[in-house]
Enquirer: 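Structure provided below as structure tokens; questions to follow.
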Amino acid sequence: MNPKRHLITAALPYANGPVHIGHLAGCYLPADIYVRYLRAKGEDVLFICGSDEHGVPITIKAKKEGITPQQVVDKYHKMMGDAFDEFGVSFDIYSRTSKPVHHKTASDFFRNLYDKGVFTEEVTEQYYDEKAKTFLADRYITGTCPKCGNENAYGDQCEKCGSTLSPTELINPRSTLSGEKPVLRSTKNWFLPLDKMQPGIEAYIESHKDWKTNVYGQCKSWLTQGLQPRAMTRDLDWGVKVPVDGAEGKVLYVWFDAPIGYISATKDYFEQKDDHTSSLAKATADKSAQWELWWKNKDTRLIHFIGKDNIVFHCIIFPAMLMAHGDFIVADNVPANEFLNLEGDKISTSRNWAVWLHEYLVTFKDKQDVLRYVLCSNAPEAKDNDFTWKDFQAKNNNELVAILGNFVNRTLVLTHKYYEGKVPQADEYTKGDILLLEEIGKFPARIAASLDAFRFREALAELMNLARAGNKYLAENEPWKLAATDEKRVRTVMNISLQITANLALLMEPFLPFTAKKLSDMLNLGGFKWTHAGRSDLLHAGHKINPPALLFDKIEDPAIEEQILKLHQSKIMNEIQNQVMSPAKDETSFEEFSKMDIRVGTILEAERVPKTDKLLKLKIDTGLDQRTVVSGIAGFYKPEDIIGQRVSILVNLAPRKIKGIESQGMILMAENANGELAFVLPSKEISNGGMIK
RNA sequence: UGCGGGGUGGAGCAGUUGGUAGCUCGUUGGGCUCAUAACCCAAAGGUCAUCGGUUCGAGUCCGGUCCCCGCUACCA
């Protein structure tokens, strides 16, 4: 394929929170580097993104904060757009799915598939919250797990025992929105019959064995398991209305409408662009022809940059939708990244365990490129990676400052010292010079090869190697020593060093756009692009350069300690704030309660139950007898540490076989906000068998 | 449970179609002083998670086990 144009999309970020470093590292930064590289080569590129503003979580956030969903998305749309802008993520457009153009595009798309008879209709029974007047997604129903008795199992899964559930299996279901007991109501929804479309999708995936192993592997996994029909509509009032009779109160599933957002953002771009072009262009421009060129022409290469959580939607469901429609091209590649962790823990918006882009710039003003550098050099390309502030500091001080910034600085300082800022004329090249110049000539192609293969870390490392070569060249030739003895040689060495500096300015642009601009300005390097890189005559003799300013500053310990402290504080705040109270249980009677026989006991023996994560097999002295109890506390207590531990035990619970072991009773545990368990004990010494009542 | 990805010197990572391990940072020693105590050179440091198999030869292929991450379909 020799594409005439490249349509690059970055995942539409969900508008229920600001953007953090994980988003940047996984998706937006690689996308931006790739786009800047293509543009620098002079390719025809369109870089599309926007806010994803529909779906249940936004309506819930709105309810919690007592504002409208539109107010929620307005707030985050602005925050996210500003953050991307500040970090130099160079979208051609940052649109949003609440725009009319998107509603129309998504609606038309659905209608097109509907008219073709693509969808199947199914009436199912769903839980409905009468108080909140809404149908409930599985995740928003909790109840008692039928398998392990956990009272806070979700409608889709019990996190205690890990079993997959459907909401109707839950005992005592409750709505997390109102705490009320939901009722079953039948509702009709439209399904995309992915099962029937599997052969087409399979052929598509099979024709892309060149995709990253994590992406290809995940797709294969889904196909092997067999695709199932998936509902493309939801009972909800926030989103794109389903454009079909009898679909009142229903909207398109966000995963149906979000990827269409790429298409509507493209339309949006051309509509906005027309406003700024001349009236002649306006008169002649055929808007639909413009956007269709990017979405319906086989000469367009479509690339989706996403995080690994989105693989199935971009590699299977969206292509299936596009194929069903028939007019559109499908993605040529989906270079999904894995996840970035923060200081050893998963990044989490709700737990405020994140480095937020808008906050970063407050502390590290004008250091966008430092974060871009660190996130790119440590990007989770093949596996999850960890971001630590110490590593951030080390990469800034030891690599950006010491290698790149320092090489540029010493070259420019010497140039001003010896030649008053004018590029000296090179004299005769030595053998070593010629070898080095040949080497420099190879860098653009080498970096390009890495970028073409979506190996951004490797590409960035190559860029740094050029700066290393520069430092080495200076150290080996020591112009500061020769200055007194060999004026010709010094001119040559300095000329070559300056050519390296100019090459760095061109080659760093995709990765470090702010620094590239600074350096280009210092060198008065006008008019050159990526395609000129590798040359050794970018700066002519006599060319005047400006006085040097440092490209990067050292980051001292206090700044880093402040960040680490901030994270630890948010961890503590979380524990306090996130303590979600389970709703009070239904009233019970004294008679009911009196049936429980709870006693004080002591653990005599403890061992792990093989092949389980959480279970311990305990032998308990209850005062009445010694009995075996299986308890799910292995995540919090080691067997050897709890021998002799006093406990409270429910002794008349019906025995139950767990992993083949008969458990005769239940240990009472108290749980904190993090789900950690602790033994419940009498506050003074009570002997085994003592009643708890 | 099933599936996908990963487990390589102190840390972070490369290792193409199998030929006994490379890079960056850190550490140690030396050189240099133009430069933000930065730069350059050298050295130390690995039974490539583990067990078994195929092979003349395996980090690389096959099988078992353990650990981490993700997905498991109505969480965006």
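Everything numeric in this text was worked out from a predicted model, so none of it was measured. Throughout, protein chains are lettered first and strands after them, A, B, ... in sequence-line order, and every chain is numbered starting at 1.
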Enquirer: Quick one: sort the A:Tyr204 and A:His208 rings into parallel, tilted or perpendicular, breaks at 30° and 60°.
Expert: perpendicular
Enquirer: Answer with base, sugar-phosphate or nothing: what part of the nucleic acid does A:Val401 contact at a heavy-atom distance below 4.0 Å?
Expert: base
Enquirer: Using the ring of A:Phe339 (Phe, Tyr or Trp, six-membered ring only), decide whether A:Lys346 places NZ or CZ under 6.0 Å from its centre and within 45 degrees of its axis.
Expert: no
Enquirer: Which value, in whole Å, describes the distance between the C1' atoms of nucleotides B:C32 and B:A44?
Expert: 23 Å
Enquirer: Can you see if the side chain of A:Lys481 gets near the phosphate of B:C34 - specifically, an N or O under 4.0 Å from OP1 or OP2?
Expert: no
Enquirer: I need the CD-P distance between A:Glu476 and B:A35, as an integer number of Å.
Expert: 20 Å
Enquirer: Go nucleotide by nucleotide along RNA chain B from the 5' end; which of A:Pro57 and A:Ser377 gets its closest nucleotide reached first?
Expert: A:Ser377
Enquirer: Look at all strands and tell whether A:Phe552 reaches a base, only sugar-phosphate, or nothing, counting heavy atoms closer than 4.0 Å.
Expert: base
Enquirer: Just the rounded figure in Å: distance from C1' of B:G4 to CD of A:Gln218.
Expert: 5 Å
Enquirer: Given the C1' atoms of B:C68 and B:G63, what is the spacing between them in whole Å?
Expert: 22 Å
Enquirer: Rounded to the nearest Å, what distance is computed from the OH atom of residue A:Tyr373 to the P atom of nucleotide B:G12?
Expert: 17 Å
Enquirer: Once you round it to whole Å, what is the distance between P of B:A37 and CD of A:Glu556?
Expert: 10 Å
Enquirer: Take the protein atom CD1 of A:Ile141 and the nucleotide atom P of B:C75, then report the distance between them rounded to whole Å.
Expert: 9 Å
Enquirer: Assuming nearest nucleotide by heavy-atom distance, tell me which of A:Leu400 and A:Tyr14 is located more 5' along RNA chain B.
Expert: A:Leu400
Enquirer: Mind checking if A:Ala382 touches a base, just sugar-phosphate, or nothing, with heavy atoms under 4.0 Å?
Expert: sugar-phosphate
Enquirer: Which nucleotide, B:C34, B:G12, B:G70, lies nearest any side-chain atom of A:Asn378?
Expert: B:G12
Enquirer: Could you tell me how far apart A:Asn406 (CG) and B:A37 (P) are, to the nearest whole angstrom?
Expert: 9 Å
Enquirer: Would you measure the distance from the P atom in B:G59 across to the matching atom in B:G7 and give it in whole Å?
Expert: 15 Å
Enquirer: Kindly point out which of B:C39, B:C74, B:G5 is positioned nearest to the side chain of A:Tyr253?
Expert: B:C74
Enquirer: Picking from B:C39, B:C69, B:C40, which would you name as closest to the side chain of A:Lys346?
Expert: B:C69
Enquirer: Where does RNA chain B form stems of at least three consecutive Watson-Crick or G-U wobble pairs, each pair having both distances below 3.5 Å?
Expert: B:2-7 with B:66-71, B:10-13 with B:22-25, B:27-31 with B:39-43, B:49-53 with B:61-65
Enquirer: How far, in whole Å, is B:U17 from B:A35 if one measures between their C1' atoms?
Expert: 46 Å
Enquirer: Just one of A:Lys442, A:Arg446, A:Arg455 clears the side-chain hydrogen bond (donor to acceptor under 3.5 Å, both in side chains) bar with A:Glu462, so which one?
Expert: A:Arg446
Enquirer: Got a second to check how far A:Glu381's CD is from A:Asn337's CG, nearest 0.5 Å?
Expert: 6.0 Å
Enquirer: Using the P atoms only, state how far B:G5 lies from B:C62, rounded to an integer number of Å.
Expert: 11 Å
Enquirer: Do any side-chain nitrogens or oxygens of A:Lys472 fall under 4.0 Å of OP1 or OP2 in B:C41?
Expert: yes
Enquirer: Which of the following nucleotides, B:U33, B:G12, B:C74, is nearest to the side chain of A:Ala231?
Expert: B:C74
Enquirer: For the residue pair A:Glu206 and A:Tyr216, confirm or rule out a side-chain donor-acceptor distance under 3.5 Å.
Expert: yes
Enquirer: What is the nucleic acid contact for A:Gly226, judged by heavy atoms within less than 4.0 Å: base, sugar-phosphate only, or nothing?
Expert: base
Enquirer: What is the distance from CG of A:Leu192 to P of B:C74, rounded to the nearest Å?
Expert: 12 Å
Enquirer: Side chains of A:Asn189 and A:Thr233: do they bring a donor and an acceptor to under 3.5 Å?
Expert: yes
Enquirer: Assign A:Leu551 to base, sugar-phosphate, or nothing according to its heavy-atom contacts below 4.0 angstrom with the strands shown.
Expert: base
Enquirer: Would you mind classifying the nucleic acid contact of A:Glu478 as base, sugar-phosphate or nothing, using non-hydrogen atoms under 4.0 angstrom?
Expert: sugar-phosphate
Enquirer: Where the side chain of A:Ala475 is defined as all heavy atoms beyond and including C-beta, which of B:U72, B:A35, B:C39 is the nearest nucleotide?
Expert: B:C39
Enquirer: Using atom NZ of A:Lys220 as one end and atom P of B:G4 as the other, report the distance to the nearest whole Å.
Expert: 10 Å
Enquirer: Which nucleotide sits closest to the side chain of A:Lys383: B:G6, B:C74, B:C34?
Expert: B:G6
Enquirer: Looking at A:Lys422, I want to see if its NZ is surrounded by more than 12 non-hydrogen atoms of other residues, nucleotides or ligands under 6.0 Å.
Expert: no
Enquirer: Base, sugar-phosphate, or nothing: which does A:Lys390 touch, judged by heavy atoms less than 4.0 Å apart?
Expert: nothing
Enquirer: Check the phosphate of B:C69 against A:Asn341, side-chain N and O only, distance under 4.0 Å to OP1 or OP2. Yes or no?
Expert: no
Enquirer: Give the ring-plane orientation class for A:His20 versus A:His23, where under 30° counts as parallel, over 60° as perpendicular and anything between as tilted.
Expert: parallel
Enquirer: Of all the choices, B:G5, B:U33, B:C74, which nucleotide is nearest to the side chain of A:Trp480 once you look at every atom?
Expert: B:U33
Enquirer: B:C74, OP1 or OP2 - any side-chain N/O from A:Arg230 closer than 4.0 Å?
Expert: yes
Enquirer: Please report the distance separating the P of B:U54 from the corresponding atom of B:A58, rounded so that it comes out in whole Å.
Expert: 11 Å
Enquirer: Let's see if you can work this out: which of B:C40, B:C71, B:U36 has an atom nearest to the side-chain heavy atoms of A:Asn409?
Expert: B:U36
Enquirer: Closest approach to the side chain of A:Gln228, judged atom by atom: which nucleotide of B:A73, B:G70, B:G6 is it?
Expert: B:A73
Enquirer: For a side-chain hydrogen bond (donor to acceptor under 3.5 Å, both in side chains) with A:Thr187, tell me which candidate from A:Gln126, A:Lys250, A:Glu125, A:Arg234 qualifies.
Expert: A:Lys250
Enquirer: Taking atom CG of A:Leu375 and atom CZ of A:Arg457, what is their separation to the nearest 0.5 Å?
Expert: 11.5 Å
Enquirer: Counting only side-chain heavy atoms from C-beta out, which of B:C71, B:U24, B:U36 sits nearest to A:Glu399?
Expert: B:U24
Enquirer: Look at all strands and tell whether A:Leu12 reaches a base, only sugar-phosphate, or nothing, counting heavy atoms closer than 4.0 Å.
Expert: nothing
Enquirer: Have a look at A:Val56 and say if it touches a base, only the backbone sugar-phosphate, or nothing, with a 4.0 Å heavy-atom cut-off.
Expert: sugar-phosphate
Enquirer: Roughly how far apart, to the nearest Å, are B:G64 and B:G29 at atom C1'?
Expert: 47 Å
Enquirer: Is a side-chain donor-acceptor pair under 3.5 Å present for A:Glu122 with A:Thr124?
Expert: no
Enquirer: With rounding to the closest Å, how many angstrom separate the P atoms on B:C67 and B:U1?
Expert: 10 Å
